[in-house]
Amino acid sequence: MTYNKIQSIYIPISKRKILFVKSYILALVIIGLNSCTDFVEVDPPKNILVSETVFEDPATVESALANVYYTMRQQGIVGYDLSADMGIYADEMDYYGSNSNDLSVYIHSITPINSNVSNYWNNAYTLIYAVNDIINGVEDSSALSVEEKATFKGQALFVRAFLHFTLVNIFGDIPLITTPDYRMNNTTGRTPVNEVNEAIIEDLILAVSLMDASDPTGERVIPNKAAANALLARVYLYTENWELAESTSTILIDQFELETNLSNVFLKESVETIWQFKPDPTNIRNTSEANQFIIQTSSGNHYALTNVLMNSFEEEDLRREQWVGNFTSADGSTSLYFPYKYKALLSEVESLEYSIVFRLAEQYLIRAESRAQLGNISGAQNDLNNIRNRAGLDDTAAGTQSTLLAAILQERFVELFSEQGHRWFDIRRTGKAGENLESLKPNWKTTDTIWPIPESELELNPNLLPQNPGY
């Protein structure tokens with residue numbers, strides 16, 4: 001896995017010093033000014049000795065937030081590492097590499113000392129502390145306008161919600177961190193999942209009320225109301241609040257449109273994209289997803305799509321043709337399928353694709369599932385058929401609530417594969433993980449639905465005990 005140099009600033013959650021968050025914010029600004037100039041171009045402040053200086057100029061706050069998004073993408077908290085790890089943990093992808101930590105994820109033999117486990121935990125909480133400091137600094141600033149404060153606070157709340165949501169769906173009960181006062185948080189315990197979800201929803205509702213309606217760059221790379229609503233609809237779905245999941249996804253369905261051509265869905269100009277990560281144009285012009293998943297040589301392959309996924313495509317499904325690649329070795333002995341949604345490698349000189357976090361197709365499937373749960377069979381069928389018809393498939397034959405819910409879950413599999421762990425989170429939240437993985441993962445245990453808390457964190461903060469069951 002690849003992590004940028006900000007990772008070295010991290011201090012374990014129960015040993016953070018007084019200057020940690022302040023230093024991190026300054027690092028965000030300094031690195032942001034150097035490596036995220038495509039978001040905002042601004043000279044560094046002349047005196048950057050105290051973090052309050054950051055909040056005296058909207059350009060430096062923009063730069064700090066831009067680097068938050070950069071770090072989220074580079075550290076894989078929301079991007080390609082999450083897609084890979086959750087893909088091989090589920091029935092979506094096979095793993096052929098030699099990394100012992102990745103292999104233990106694939107075969108379900110994760111331990112609390114696995115570095116993948118600690119990386120997700122540490123990187124997410126590092127950023128949570130950073131955005132909490134941004135929230136406080138923005139609120140206390142006397143230099144920012146009311147509109148600037150609202151915009152910056154809304155973005156920071158959105159990020160905090162996103163990171164907590166990712167953590168709670170990987171680890172279960174987690175510390176809910178809403179303040180940069182780590183003297184208070186040094187000994188924090190874990191908050192029950194339902195309370196974390198309530199806090200996430202509260203953050204997102206407030207973020208929607210504060211954020212801008214549009215992205216000033218025009219590229220949908222800075223989160224706005226639509227991005228916050230997209231996450232909010234997903235949270236409502238996961239928490240089985242069907243009415244609000246339906247109404248929130250409808251907001252986005254009314255606002256955006258589906259790409260009619262499957263080959264355009266993952267281009268940076270795709271009309272159905274709600275929010276995406278922009279690569280750093282100084283050294284990376286396209287996505288790490290393409291570089292990670294496209295099989296170019298036999299020795300270079302780490303990931304391939306499973307037979308389970310390949311057999312899930314219906315015969316006429318155009319997504320299999322457009323979004324799946326095939327590699328066959330020179331001697332014909334090896335033939336593998338790989339995700340081919342992103343096609344432009346890092347070596348491509350032209351920027352063609354950004355890493356998509358939210359797109360409209362998911363919202364149709366969220367509304368379809370919510371409507372099915374509410375007994376609106378025809379409405380659910382219509383939403384599902386919008387996705388199926390674009391893929392060249394006939395209308396669904398499912399006509400009852402149970403068959404329709406099964407059809408929607410299957411459609412999510414073939415529509416959202418290799419995108420940020422959707423498949424794992426889907427079979428986990430619907431209680432179908434064991435049903436789908438028992439025969440594929442010899443080490444499968446019912447407790448595998450959540451990952452262990454990092455051993456290093458438990459040693460430093462006993463209030464995080466007990467360890468998750470099974471570890």
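For clarity, every value in this text was computed on a predicted model and none was experimentally measured. Sequential numbering from 1 along the given sequence is applied to the chain's residues.
For Thr396 against Asn385, the heavy-atom pair with the smallest separation is N-OD1, 2.7 Å.
At a cut-off of 3.5 Å, with distance as the only test, a side-chain donor of Tyr69 or Gln155 sits close to an acceptor on the other residue. Judged by distance alone, the side chains of Ser115 and Asn101 do bring a donor and an acceptor atom under 3.5 Å apart. A donor-acceptor pair shorter than 3.5 Å cannot be found between the side chains of Arg367 and Asn386. When only modelled atom types and interatomic distance are considered, Ser418 and Glu92 share no side-chain donor-acceptor pair under 3.5 Å.
In this pair, Tyr89 and Trp424 present their aromatic rings perpendicular. The plane angle is above 60°, beyond the 30 to 60° band.
Pairs of residues two or more places apart, or lying in two chains, that qualify as side chain to side chain donor-acceptor pair (under 3.5 Å) and include a residue from residues 232-241 are Arg234-Glu362. Judged as a salt bridge (charged side-chain N to carboxylate O under 4.0 Å, His left out), the pairs with a partner in residues 424-436 (not counting sequence neighbours) are, in order, Glu369-Arg429, Arg412-Asp426, Asp426-Arg429. Residue pairs meeting the salt bridge (charged side-chain N to carboxylate O under 4.0 Å, His left out) criterion with at least one partner in residues 217-226, sequence neighbours excluded, are Glu219-Lys278. Screening residues 347-378 for ring pair (Phe, Tyr, Trp, His ring centres under 6.0 Å) gives Phe162-Phe358 as the qualifying pairs, with residues at least two apart or on separate chains. Pairs passing the ring pair (Phe, Tyr, Trp, His ring centres under 6.0 Å) check and including a residue from residues 284-310, sequence neighbours excluded, read Tyr95-Tyr303, Phe293-Tyr303.
Looking at Asn468, its side chain does come within 3.5 Å of a backbone N or O of Phe171 through a donor-acceptor pair. Side-chain atoms of Ser270 come within 3.5 Å of backbone N or O of Val265 as a donor-acceptor pair. At least one donor-acceptor pair under 3.5 Å links the side chain of Asn326 to the backbone N or O of Leu336. With Glu353 contributing its side chain and Ala344 its backbone, the two residues share a donor-acceptor pair below 3.5 Å. In terms of modelled atom types and a separation under 3.5 Å, the side chain of Glu259 and the main chain of Val271 share a donor-acceptor contact. The main-chain N or O of Leu82 is found under 3.5 Å from a side-chain atom of Tyr120 such that the two form a donor-acceptor pair. At distances below 3.5 Å, at least one donor-acceptor pair connects side-chain atoms of Asn286 with backbone N or O atoms of Glu350.
Every salt bridge (charged side-chain N to carboxylate O under 4.0 Å, His left out) that Glu415 has, sequence neighbours left out, goes to Arg319, Arg359, Arg390. Judged as a side-chain hydrogen bond (donor to acceptor under 3.5 Å, both in side chains), and not counting sequence neighbours, the contacts of Ser263 are Asn261. Judged as a salt bridge (charged side-chain N to carboxylate O under 4.0 Å, His left out), and not counting sequence neighbours, Asp215 has no contacts. With sequence neighbours excluded, the residues that form a side-chain hydrogen bond (donor to acceptor under 3.5 Å, both in side chains) with Asp94 are Tyr106. For Phe338, the ring-ring contact (aromatic ring centres under 6.0 Å, His included) partners two or more places apart in sequence, or in a different chain, are Tyr340. Every salt bridge (charged side-chain N to carboxylate O under 4.0 Å, His left out) that Arg371 has, sequence neighbours left out, goes to Glu246, Asp383. In this view, Phe413 satisfies the ring-ring contact (aromatic ring centres under 6.0 Å, His included) rule with no residue, not counting sequence neighbours.
In this structure, CG on Asn443 lies 8.5 Å from CG on Asp448, to the nearest 0.5 angstrom.
For the pair Lys341 and Glu289, the salt-bridge criterion is not met [side-chain N within less than 4.0 Å of a carboxylate O].
Within the 4.5 Å cutoff, side-chain heavy atoms of Pro175 are placed close to those of Tyr125.
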